[in-house]
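In what follows, a structure is listed as structure tokens, so that the remarks can point back to it.
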4 protein chains.
Amino acid sequence: MQGRPTLATASSDQREKTRERILEAAAAVFADRGYHDALVDEIGDRISLSKGGLYFHFPSKEELFFSVIDRLANKLVSKAEKAAGNQDSSVDAASAALREVLFTLSRQKRLARILMTQGYSMGNSFAEKRTEVFDRFADVIQVHLDSAVAEGTIPEVDSRLASRAWLGAMNEIVVHWLYSNGPSPRECADDLNALLLRSVGAVSINESDSRS
Amino acid sequence: MQGRPTLATASSDQREKTRERILEAAAAVFADRGYHDALVDEIGDRISLSKGGLYFHFPSKEELFFSVIDRLANKLVSKAEKAAGNQDSSVDAASAALREVLFTLSRQKRLARILMTQGYSMGNSFAEKRTEVFDRFADVIQVHLDSAVAEGTIPEVDSRLASRAWLGAMNEIVVHWLYSNGPSPRECADDLNALLLRSVGAVSINESDSRS
Amino acid sequence: MQGRPTLATASSDQREKTRERILEAAAAVFADRGYHDALVDEIGDRISLSKGGLYFHFPSKEELFFSVIDRLANKLVSKAEKAAGNQDSSVDAASAALREVLFTLSRQKRLARILMTQGYSMGNSFAEKRTEVFDRFADVIQVHLDSAVAEGTIPEVDSRLASRAWLGAMNEIVVHWLYSNGPSPRECADDLNALLLRSVGAVSINESDSRS
Amino acid sequence: MQGRPTLATASSDQREKTRERILEAAAAVFADRGYHDALVDEIGDRISLSKGGLYFHFPSKEELFFSVIDRLANKLVSKAEKAAGNQDSSVDAASAALREVLFTLSRQKRLARILMTQGYSMGNSFAEKRTEVFDRFADVIQVHLDSAVAEGTIPEVDSRLASRAWLGAMNEIVVHWLYSNGPSPRECADDLNALLLRSVGAVSINESDSRS
DNA sequence: AATGAATGAGACTTCATTCAT
DNA sequence: GATGAATGAAGTCTCATTCAT
């Protein structure tokens, strides 16, 4: 608002770059330590940026954390939606979205940790954000379940409940993998997929061959 | 009932009584605030016990929290097992365990909050305890699913995965209720039950009538 | 003052015995940990006596510590005096007192630790007690040095200063042994003895043969 | 001089200045109260620096104490070495080092208290530091005694033992002054000097005249 | 004589945030 | 844009001492 006009664009670029670096570092630290145990200092240290510098870009630790969450959730939702979009049937779409998430989280433990558990360590102010993020994921699934019902591919179900149940099931598998070295989401993907499709009365292609 | 802790001390189990009072107060505070935001002072204040007195009974805030979790988890697991024991078929048993948990949590938000979310705020040292507690619940369900498979009531399934999925689904419903004022677990119980039974290939009695 | 008269003697005995046990335990703990780091609890634990029981016999941790010091100092001073008394000449007497202390401390690290260093950890209230104890030791030596001067065995010296210097020298040797695994006081006894005798103008018997 | 720390901050060595101020204040408080009874708060208060500010410069009370000791010991050792360096003979050098220490301590009770006694109140972790500091002082003396022996000025002696004995004698005189209002080290210097020189078989110039 | 639960003052340390430079 | 010294509010835990039994 008060910078030199000439440098506006160039510095605007730089600004965005620094923000990205901070978000990246913050994601790593938050994932490792959880919100509360993550130190603002440590985030700065990772990218050799002073605390003051960090506070220039983000007004508070809380805002920074939310920004990290939003950024990651956006990426993951996009992936899920894209995966769903490539399918022919609605059931396959829901199924594909689920698989995409499981596969992506399998590759990025950090992402999994931040989205699934580390937020809680923020205390009760996390509630709203969690709701927002999980609702978005639930929506992705619900949309396709609703279509499937409309198409008559699956019987009537409480699609809101079903999408939450799917999400919860997935969440538990992921957390069990993160916290107890359970099987990776990727390994469970087929079985879980079959299980969840069955729960809404669908029969997946995998049902007959992948895991007899 | 008011003032110093009753002063009828030194009976043989006064000690146990005080421990219980502490655990009760701690459960309330931890449920409200989460591990980290809970103050040891506040726990003491609730029962007019000095900090020192509290530390006489529990060596650290962390141990106190774990004790709270254990106590609550024990109660809940017992209830679930008892509910399951009253059923004729294995499928009904698993189903009953699930319902019992949903109903109990519906009545005790505090219990739900502590077991489902507030632990994470402790940081990474919570991992082990969470694993332990969730494994116990998963076991309760798995046992009955295994029986059902053995009886031929339901087709072969990865019962470990299924029990986790059930747990996760339930967890999500509960958290959604806690954090976003979603429908209470009790309200969802029938539908969720039907959904989860279907997921393992069983057909519940509810299937035909409860939700036409 | 108000006990049953008949039991007076018997219980008086018991009382003294318990006091001794406490003093013994306290000496051990204070020697190991220093005044401040010694816990009243730990002293009690050693002899399976509750804190309350301990406080029945001693009014405070501080008093207990002083009692320990007094008891040990008494023993050591007695030994030194006795050793000195067995000698013919005054110079030999002073010398013998010194040796006795060095030898005794060599055998009892605990004693050495308590008398030489651990008291300081009590804070400034230790000053008076230290003065008292060290003065007693200095007196033992000074008396004999004064006699030696009077006898003309050694030239005039500031015997007060000399006795303190002796004490200090001895103290340093002991502390160096305690803290840095230096040679034991016993090993140094002859050389130190020669050194200190020379410092007051005396020539010890050891001078010519023990260390040629 | 009043209010916030001068606000002319951020020159390159402002940091070092603050460190010095802290060390100065800490030396005063530790000397007065001993390690344990010294409050971190009081150190900060003396220089109007918040506790957090203090911890920015020193990671713990213990480290701060050690830094204080090191700083003071360095100064004193330097003085002693310099004083020794100005002398012609080795015996005079050792003697001069001793006198310098006695005189300096006489002028700075605080210094004396910290180096001689207050450290012990830290508990057993002080052992190592004490050893280190006293060894340095002993070295200063020993070096010159060794030279004197090599020169033939004094007979063969266990110079390690002798230097410790000297140190100990000096220490006792100082502590007696500090704790019991005994004569100041400065007053004792000549006599003590004579005594110690005699102990190693040297005859000082002072011998004949300073104390007729 | 002894127990041991309870007190309570207070210590050290942490860390998100600010702000002069 | 960035630095980093400084703030200050809190937080957990300790432990000598007391006192009802």
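Numbers restart at 1 for each chain; the letters A, B, ... are given by sequence-line order, proteins then strands.
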| Separation of F:dT7 P from D:Asp45 CG (nearest whole Å) | 11 Å
| message | With heavy-atom distances below 4.5 Å as the criterion, would you say the side chains of B:Phe30 and B:Ile69 are in contact? | response | no
| Could you give the CZ-to-P distance, from D:Arg21 to F:dA5, as a whole number of Å? | 14 Å
| request: Please tell me which of D:Gly53 and C:Ser48 maps to the more 5' nucleotide of DNA chain E, matching each residue to the nucleotide holding its nearest heavy atom. | output: C:Ser48
| message | Rounding to an integer number of Å, can you tell me how far D:Glu42 CD sits from E:dG10 P? | response | 14 Å
| OP1 or OP2 of F:dG1 sitting under 4.0 Å from any side-chain N/O of A:Thr18? | no
| task | Starting at CD1 of A:Ile43, measure out to CZ of A:Arg21 and round the result to the nearest 0.5 Å. | result | 13.5 Å
| Distance in Å, B:Leu39 CG paired with B:Asp45 CG, rounded so as to fall on 0.5 Å steps | 9.0 Å
| query | Could you run down nucleotides 9-14 of chain F 5' to 3' and tag each one B, S or - for protein heavy-atom contact under 4.0 Å? | reply | --SBBB
| Taking only N and O in the side chain of B:Arg15, is any of them less than 4.0 Å away from OP1 or OP2 of E:dA5? | yes
| message | At 4.0 Å (heavy atoms only), tell me whether C:Leu49 reaches a base, stays on the sugar-phosphate, or touches nothing. | response | sugar-phosphate
| Would you call C:Arg46 and C:Glu24 a salt bridge, using N to O less than 4.0 angstrom? | no
| said: Can you tell me the base-pairing partner of F:dC13? Count Watson-Crick or G-U wobble geometry only, both distances below 3.5 Å, and say none if there is no partner. | reply: E:dG10
| field | Base paired to F:dT18 (Watson-Crick or G-U; both N/O distances under 3.5 angstrom) | value | E:dA5
| field | Separation of atom CD1 in A:Ile47 from atom P in F:dT3, rounded to whole Å | value | 10 Å
| query | Hey, what do you get for CZ (D:Phe66) to CG (D:Leu64), rounding to the nearest 0.5 Å? | reply | 11.0 Å
| task | Please state how far atom CD in D:Glu63 lies from atom P in E:dT14, giving the value in whole angstrom units. | result | 13 Å
| request: Please report, rounded to the nearest Å, how far the P atom of E:dC15 is from the CD1 atom of A:Ile43. | output: 12 Å
| said: Tell me the interatomic distance from D:Leu54, atom CG, to F:dG8, atom C1', rounded to whole angstroms. | reply: 14 Å
Could you list the donor-acceptor pairs under 3.5 angstrom formed between side-chain atoms of residues 114-123 of chain A and any protein atom two or more places apart in sequence or on another chain?
unit_1, atom_1, unit_2, atom_2, d
A:Thr117, OG1, A:Arg113, O, 3.2
A:Thr117, OG1, A:Tyr179, OH, 3.3
A:Gln118, NE2, A:Ala31, O, 3.0
A:Gln118, NE2, B:Asn124, OD1, 3.2
A:Tyr120, OH, A:Arg130, NH1, 2.7
A:Ser121, OG, A:Tyr35, N, 2.8
A:Ser121, OG, A:His36, N, 2.9
A:Ser121, OG, A:Gln118, O, 3.4

| How long is the line joining CZ of D:Phe58 and C1' of F:dA5, in whole Å? | 14 Å
| message | Under a 4.0 Å threshold between the charged nitrogen and the carboxylate oxygen, would A:Glu132 count as salt-bridged to A:Lys129? | response | yes
